[in-house]
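Here the structure is a predicted model, which is why all the values come from computation and not from measurement. In what follows, every heavy atom counts, from backbone to side chain, and hydrogens, waters and symmetry copies are set aside. For ligands, and for the atoms within them, numbers begin at 1 and follow the listed sequence.
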Amino acid sequence: MEIASEGRKKILYSAVQPTNNLTIGNYIGAVNNFAALQNDYDCIYAIANMHAITVRQEPAALRRNTLALLAFYIACGIDPEKCTLYLQSHVSAHAELAWVLNTFTYVGEMERMTQFKDKSAKHADNINMGLMDYPVLMAADILLYQTDVVPVGVDQRQHLEITRDIAARFNNAYSPTFTLPEGLYVKVGAKINDLLDPLKKMSKSSENPNGVVFVNDDRDAIIKKFKRAVTDSGAEIKYDPAAKPGVSNLLSIYSVFTGKSVEECENEFSGCGYGQFKLAVGEAVADKLIPIQTEQARLLADKQYLDDVLKTGAERAAARANKTLAKVYKKIGFYRF
Ligand code: ATP
Ligand code: LTN
């Protein structure tokens, strides 16, 4: 168990955006660990639909993806009784704290954020204020719950650093108000790369879906994508991300999906050809994902249950978030009756 200095369980917070379908990168870097962490931490998991709209979403698809993500979380083993599981837009404190934190954040530092620059290039026709403000809303998410740790993929490291900076700025301007959170990154797979371009992050929104394995791809699609995966020169199956990015990426994926260490995986395939190796990776991924998909589909058929989970989650989350928000409003001088 992870205990904070005051003797309580440490608070852990993470969120995923309900945009498109999740990839195995999202699964490996984030969701797969969420269930494993729920016994050791006081866990809060959100569906970040307010972040999702920083890129244009089709309303029906956003609604569908929201329930799909909720069902996926639960199918992966997140227990809504043990954790606080909720939809971001159900807790108004997120938008409210983000507004306050905006006044402690500089335009220049937001313009320099890597994700803002990447997404601005990708969506040049819609560089909206929300896209630029994305990290401040994320800081509000995290800080509202006095979070100690945030499990995310390494692409989120910069967002975590800015969260700490904003929190420290506020704490220094008034008095200690926010806990400064730490990032928690998986040892294997904190950045899974595209199967066709192993130097690029595997991303939900990639132009070529053949390099991206989605968690709801069927068995054939999964195997086909792995069979086509780009490998490297030389025949050895060795973990060496600089010299062998393709093979190393596949080894990371295999390691996570089988629970074996990377070294064990290397030994298992020593002397094997790439073809046999790629097929084995595809099969391991499909073997793990298919039962999760079945459970997800079963949950999606029970909308009442999912609504109940969201309702309880929203109540629990709001009660916690509003405590922090009330402190903030008091410190900054917002008049109360
Ligand atoms: P997009 O590609 O559309 O920007 P995304 O795939 O990064 O979206 P998010 O909802 O923003 O998806 O991320 C959810 C979680 O998955 C985050 O913790 C993020 O760090 C993690 N993650 C995303 N892609 C990868 C990846 N390729 N490898 C490891 N972790 C990842
Ligand atoms: N930006 C995150 C999603 C996210 C998040 C958060 C993660 C929104 N709010 C709070 C951790 C904590 C991403 O993964 N792209």
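Here the shortest heavy-atom distance to atom 9 (N) of ligand 2, taken over V150, L160, D141, belongs to D141. For the residues S203, S252, G25, G189, the heavy atom positioned nearest atom 31 (C) of ligand 1 is part of G25.
Distances below 4.0 Å separate heavy atoms of K119 from the following atoms of ligand 1: 1 (P), 3 (O), 4 (O). Of all atoms in ligand 2, numbered sequentially from 1 with element shown, those under 4.0 Å from a heavy atom of V152 are 7 (C), 11 (C). Those atoms of ligand 2 that come under 4.0 Å of a heavy atom in Y134, given as number and element, are 1 (N), 2 (C), 3 (C), 13 (C), 15 (N).
Here's the thing with Q156: one of its N/O atoms is less than 3.5 angstrom from an N/O atom of ligand 2.
Heavy atoms of D155 found under 4.0 angstrom from ligand 1 belong exclusively to the side chain. At a 4.0 Å heavy-atom cut-off, ligand 1 touches A190 through the backbone alone.
Protein heavy atom in closest approach to atom 5 (P) of ligand 1: N26 ND2, 3.7 Å.
Using a 4.0 Å heavy-atom cutoff, V16 is listed among the residues neighbouring ligand 1.
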Walk me through it: do K82 and N39 pass the test side-chain hydrogen bond (donor to acceptor under 3.5 Å, both in side chains)? CA-CA 8 Å; K82 262 189 209 158; N39 291 322; 3.0 Å; yes

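Sparse packing is recorded around CD of Q276, with 12 or fewer heavy atoms of other residues, nucleotides or ligands lying under 6.0 Å away.
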